[in-house]
Enquirer: 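Starting off with a structure, shown below.
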Amino acid sequence: MPVPFNLADALDSVLKSAAKTAGLEADAFAPEVRTADARHGDFQANGVLGYSKARKLNPRATAEKLVAALPAEVSSVYEIVIAGPGFINFTLKPATLQAWLTTHDSAAHLKASAASAKHGQAWVVDYSSPNTAKQMHVGHLRSAVIGEAICRLLEFSGARVVRDNHIGDWGTQFGKLIWAYQRHLDAAALAVDPLQEFERLYQIGNAAADADPAVLEQAREELVKLQAGDPTNLAVWKKINDVSLGAFQQIYDQLGIAFDVTLGESFYNDQVERIYRELTETGIAQESQGALVVFHPEHPRFKTQPFIMRKADGASNYATTDLATALYRLEHFHADGIVVVTDFRQADHFEQLFLTVKKWFAAKNYRLPELHHVTFGAVTGEDGKALRTRDGGTIKLKELLAEAEARAFALVSERSSDLTPEERHAIAGVVGVASVQYADLSQNRSSDYVFSWDKMISLEGNTAAYLLYAGARIHSIFRKLGVADPLSRTDQGSALETPAELALARKIVKFADAIRLATETLRPHFLCLYLYELAGEFSAFYAVDKVAVDDLAVRARRLQLCSRTLLVLETGLGLLGLRTLTRM
RNA sequence: GCGGCUAUAGCUCAAUUGGAUAGAGCAUCAGACUUCGAAUCUGAGGGUUUAGGGUUCGAUUCCCUAUGGCCGCACCA
């Protein structure tokens with residue numbers, strides 16, 4: 001009997017057809033299959049409750065009819081129990097668990113099974129997207145880390161993903177920066193640490209413009225000159241961007257991020273005329289107070305709150321470039337879906353943008369891609385306010401990662417003193433960065449994020465180190481036993497038997513459902529939660545059931561269990577963007 | 001003023017989007033290393049889910065009111 005990758009999905013389909021057989025109104029019946037609390041079984045179907053209530057039927061009687069209509073092979077796979085007011089509980093039989101483990105025996109096989117939901121689709125994911133001329137600080141971490149995980153999840157479900165770093169390289173900050181560059185440049189500092197120097201100059205320019213309207217005016221003129229193509233200003237601008245992108249890349253390398261394209265705001269500068277024309281001729285945009293704006297009369301707030309797409313002085317802004325960006329992603333990348341990952345403060349902007357794009361594309365008969373604004377909460381200090389270090393600056397991402405690695409190095413040196421310093425550094429690099437990534441990913445992205453060093457670089461509890469440690473222990477077992485090919489063992493031992501073995505196997509087969517949930521909601525923390533529970537089941541199993549036993553049939557089945565745990569664990573960590581280890 | 005997000009154990013967070021007895025980690029307490037790695041495991045205590053109402057067979061989840069926090073609202077991105 002073939003065992004499907006996603007058991008919950010398969011159960012859902014089979015219940016739908018059974019509903020027809022049982023004489024239910026099949027079109028109106030949704031089985032509502034979900035993973036269940038282990039006390040009740042592996043999966044539960046709750047749909048009977050709502051269905052029966054709406055029709056004033058006895059839910060238990062409906063459930064019994066439905067269960068009676070299930071094909072015989074379902075009851076050979078599951079123990080089926082109707083419980084409470086009408087829940088249908090499904091508990092996988094050990095033989096089914098065994099069959100799943102035997103079938104899904106390699107990374108390639110897992111991916112092939114999963115890659116159907118978005119097969120053949122193109123998705124553009126816009127994430128990280130920092131402004132140039134500044135260093136990345138902890139506030140930039142979330143978009144980068146969450147965005148990368150989303151890319152990997154979409155790829156795993158079969159999509160072709162375009163990773164786009166939509167850098168802020170054309171904003172008004174450049175007027176102030178160029179103004180300061182011309183007057184306060186420290187050439188020596190520029191040679192040593194150019195990004196630091198640009199940041200200093202920007203602060204000078206910003207402060208001067210705040211204090212003196214005349215400076216602000218001069219800064220505006222510099223921006224106008226830049227946007228008009230003045231060679232001097234253009235050269236400064238280019239240098240700033242080159243330096244910034246070089247510094248960003250070092251961080252991206254550590255985080256395992258490789259963008260396919262880096263198309264910032266400046267890229268769209270020469271495409272704005274078409275945007276003005278199309279939105280004007282379709283009647284979507286209108287003149288208001290000298291600016292070109294879009295109102296949405298059907299929307300309670302945006303009927304009066306304008307979406308400004310051309311300023312009164314004739315200049316474009318980020319609304320203009322974002323509109324151009326949407327069009328480019330459709331025409332150039334043939335996007336079926338667009339995901340933009342930014343913090344929640346831009347929610348209004350993207351709601352207005354998407355409303356405008358929908359009307360615009362409809363009016364021009366352009367195909368409309370799925371549009372998703374993936375938001376996340378702010379990173380705050382312990383006081384709930386915007387994050388600052390003691391001296392008032394922000395915490396640099398570079399420093400955060402270095403501190404995490406240093407902590408990991410201290411721990412690995414203490415625990416694994418037999419390793420060479422090089423090995424310990426390599427391990428600390430993985431553990432440190434993974435800890436920072438995982439701390440961010442494991443939290444539901446919509447809530448604000450209280451930053452603390454301890455939390456970001458913690459190595460105990462629900463952390464990356466816990467997951468990596470579980471993996472390292474599995475690798476260690478294979479090393480000790482001299483068994484090759486740990487990720488795809490095909491050992492066929494005796495039947496799974498102990499409670500810990502069965503609990504671990506039950507957790508493994510729910511990988512598909514965790515992936516589905518994380519991908520559908522674009523929330524990687526669901527996958528983190530699953531992997532944490534998986535590692536927990538493994539650790540519990542490890543404590544009570546020894547693998548290296550003399551009984552070869554027992555040893556073989558446990559080796560297979562270890563192999564599948566490792567496969568799912570490493571695949572899952574890979575989808576989150578974390579690197580893994582064979583020892584630590 | 002208008003609007004959005006948010007409030008769960010001492011602290012930091014979950015709760016599969018309306019399901020069964022609200023779960024973890026940290027911290028506290030009690031146990032487990034001569035046996036595959038103790039960065040681990042087993043157990044205990046800790047809750048009127050901000051408050052009050054409503055809808056529902058069923059509410060942390062949906063609706064209303066109030067309160068606290070964060071944020072957005074005409075030319076920054």
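Every chain is numbered from 1 and lettered A, B, ... according to where its sequence line falls, protein lines coming before strand lines.
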Enquirer: Side chain of A/Ser442, base of B/rA14: donor and acceptor closer than 3.5 Å?
Expert: no
Enquirer: Tell me every residue that passes ring-ring contact (aromatic ring centres under 6.0 Å, His included) with A/Phe29, counting only those two or more places apart in sequence or in another chain.
Expert: A/Tyr51
Enquirer: Test of understanding: with side chain to side chain donor-acceptor pair (under 3.5 Å), list the residues that count as partners of A/Glu298, not counting sequence neighbours.
Expert: A/Lys359
Enquirer: Assign A/Ser288 to base, sugar-phosphate, or nothing according to its heavy-atom contacts below 4.0 angstrom with the strands shown.
Expert: base
Enquirer: By the 4.0 Å heavy-atom rule, please label A/Arg60 as base, sugar-phosphate, or nothing.
Expert: nothing
Enquirer: What orientation do A/Tyr318 and A/His349 show, parallel under 30°, tilted 30 to 60°, or perpendicular over 60°?
Expert: parallel
Enquirer: Output the rounded distance in Å from NE2 (A/His349) to C1' (B/rG3).
Expert: 18 Å
Enquirer: ring-ring contact (aromatic ring centres under 6.0 Å, His included) with A/Phe526: which residues, sequence neighbours excluded?
Expert: none
Enquirer: Remember a base hit wins even if backbone is also touched, and classify A/Ala312 as base, sugar-phosphate or nothing at under 4.0 Å, heavy atoms.
Expert: base
Enquirer: Indicate, with a heavy-atom threshold strictly under 4.0 Å, whether A/Ala83 touches base, sugar-phosphate, or nothing.
Expert: base
Enquirer: Using a heavy-atom distance cut-off of less than 4.0 Å, which residues of residues 30-48 of chain A contact RNA chain B?
Expert: A/Arg34, A/Thr35, A/Arg39, A/His40, A/Gln44, A/Asn46
Enquirer: State which residues pass ring-ring contact (aromatic ring centres under 6.0 Å, His included) with A/Phe43; sequence neighbours excluded, sorted by chain then number.
Expert: none
Enquirer: Over how many whole Å does the gap from A/Tyr438 atom OH to B/rC13 atom P extend?
Expert: 15 Å
Enquirer: Quick one: list whatever passes side chain to side chain donor-acceptor pair (under 3.5 Å) with A/Gln203, sequence neighbours left out.
Expert: none
Enquirer: Verify the contact: side-chain N or O of A/His525 to OP1 or OP2 of B/rA15, cut-off strictly under 4.0 Å; return yes or no.
Expert: yes
Enquirer: Under 3.5 Å, which protein N or O atoms sit close to an N or O of nucleotides 54-60 of chain B? Give each pair with its distance.
Expert:
from, atom 1, to, atom 2, distance (Å)
B/rU56, O2', A/Lys53, NZ, 3.3

Enquirer: Listed by chain and number, what are the side-chain contact (heavy atoms from CB on, under 4.5 Å) partners of A/Asp12, not counting sequence neighbours?
Expert: A/Lys16, A/Pro31, A/Val33
Enquirer: What nucleic acid atoms does A/Phe478 come within less than 4.0 Å of, heavy atoms only: base, sugar-phosphate, or nothing?
Expert: nothing
Enquirer: Which glycosidic conformation, syn or anti, is assigned to B/rU17 if syn requires a torsion within 90° of zero?
Expert: syn
Enquirer: Report the residue from A/Ile240, A/Asp169, A/Ile167 that forms a side-chain contact (heavy atoms from CB on, under 4.5 Å) with A/Leu245.
Expert: A/Ile167
Enquirer: Grab the CG-P distance between A/Asn206 and B/rC76 for me, whole Å please.
Expert: 13 Å
Enquirer: After noting the C-alpha distance and the side-chain angles of A/Phe302 and A/Phe307, does the key distance pass the ring-ring contact (aromatic ring centres under 6.0 Å, His included) rule?
Expert: CA-CA 8 Å; A/Phe302 301 143; A/Phe307 186 59; 8.7 Å; no
Enquirer: Quick one: label A/Thr342 by what it contacts on the DNA or RNA (base, sugar-phosphate, nothing), any heavy atom closer than 4.0 Å.
Expert: nothing
Enquirer: Across the strands shown, which category fits A/Gln289 at heavy-atom distances under 4.0 angstrom: base, sugar-phosphate, nothing?
Expert: base
Enquirer: List the residues meeting ring-ring contact (aromatic ring centres under 6.0 Å, His included) with A/Phe267, not counting sequence neighbours, and say none if there are none.
Expert: A/Tyr328
Enquirer: Indicate for each nucleotide in nucleotides 30-41 of chain B, in 5' to 3' sequence, whether protein heavy atoms under 4.0 Å reach the base (B), only the sugar-phosphate (S), or nothing (-).
Expert: -----SBBSBSS
Enquirer: List the residues meeting side chain to side chain donor-acceptor pair (under 3.5 Å) with A/Thr521, not counting sequence neighbours, and say none if there are none.
Expert: none
Enquirer: For A/Glu533 and B/rU16, give me the distance from atom CD to atom P, rounded to whole Å.
Expert: 12 Å
Enquirer: Round to the nearest Å and state the distance from A/Ile308 atom CD1 to B/rG72 atom P.
Expert: 16 Å
Enquirer: Please round to the nearest 0.5 Å and tell me the distance separating atom CG of A/Leu517 and atom OH of A/Tyr530.
Expert: 12.5 Å
Enquirer: By the rule that syn is within 90° of 0, classify the base conformation of B/rC13 as syn or anti.
Expert: anti
Enquirer: On RNA chain B, check which nucleotide each of A/Arg301 and A/Gln346 is closest to and give me the residue with the more 5' one.
Expert: A/Arg301
Enquirer: Residues two or more places apart in sequence or in another chain: which of them pass side chain to side chain donor-acceptor pair (under 3.5 Å) with A/Ser244?
Expert: none
Enquirer: Tell me: CZ of A/Phe302 to P of B/rG72, nearest whole Å?
Expert: 14 Å
Enquirer: I need the CD-C1' distance between A/Gln352 and B/rA74, as an integer number of Å.
Expert: 11 Å
Enquirer: Want to settle it: does A/Leu517 or A/Asn89 sit nearer the 5' end of RNA chain B, counting the closest nucleotide to each?
Expert: A/Leu517
